[in-house]
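Counting starts at 1 for both ligands and their atoms, in listed order. What you see is a predicted model; the values in this text were computed from it and never measured.
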Amino acid sequence: MSSADIYRELILDYYRNPRNFGKLEKFDIDSHDTNPLCGDEIEMQIRVDGQNRIEEIKFTGKGCAISQASASMLTELAKGKPLEWVRQVVKEDVFKLLGNPDLGPSRVKCALLGMKVLKTGVYGYLGAHYDEPDDRSG
Ligand code: FES
């Protein structure tokens, strides 16, 4: 088996048995987006702990194997990480999780849908919870 085959198998495995699939009862972040080209969707829910870390993360969605597998792989990677880590995630990280497959432009959108949902949700949360520096002294 070539390494491309192994990754193809891996993507299919994540598609058929997605890790972290489902909904959280309690969550602080709820983010959703669709791929405009095909209508496929991803929703992610995140519970944040007292130190601004991703305590729990789950996703649901429907769509192609690449979109669902990449979202699932991202949730595994994100679990336990500080929210700030999400700012540093770039598309190359997602491609790497998928085994750097040869993706055409429309498939790139599939692969990055989960990252978009994750970033949108976390950025919204960080924006809403930004603590103003306390300059009231004096
Ligand atoms: Fe819709 Fe891939 S075909 S996200």
Ion pair Lys96/Asp93, N-O distance below 4.0 Å: no
Salt bridge present between Lys26 and Glu56 (N-O < 4.0 angstrom): no
Under 4.0 Å from a heavy atom of Ser67: give me the atoms of ligand 1 that qualify, with their elements. 4 (S)
Below 4.0 Å from ligand 1: does a non-hydrogen atom of Asn35 turn up there or not? yes
Proximal atoms of ligand 1 relative to Arg107 (non-hydrogen, under 4.0 Å): 2 (Fe), 3 (S)
Check step by step if side chain to side chain contact (heavy atoms under 4.5 Å, CB included) holds for Glu55 and Arg53. CA-CA 6 Å; Glu55 184 178 25; Arg53 273 192 306 249; over 6 Å; no
Atom 1 (Fe) of ligand 1 has as its nearest N, O or S atom from Asp40 the atom OD2
Heavy atom of Lys109 under 4.0 Å from ligand 1? no
Quick check: does Cys38 put an N/O/S atom under 2.8 Å from atom 1 (Fe) of ligand 1? yes
Show me which atoms of ligand 1 lie under 4.0 Å from any heavy atom of Cys64. 2 (Fe), 3 (S), 4 (S)
Between the main-chain N or O of Lys116 and the side-chain N or O of Thr120, is there a donor-acceptor pair closer than 3.5 Å? yes
When you measure from the side chain of Gln68 to the backbone of Lys62, do you find a donor-acceptor pair of N or O atoms at a distance under 3.5 Å? yes
Carboxylate-amine/guanidinium contact Arg19 Asp13, below 4.0 Å: yes
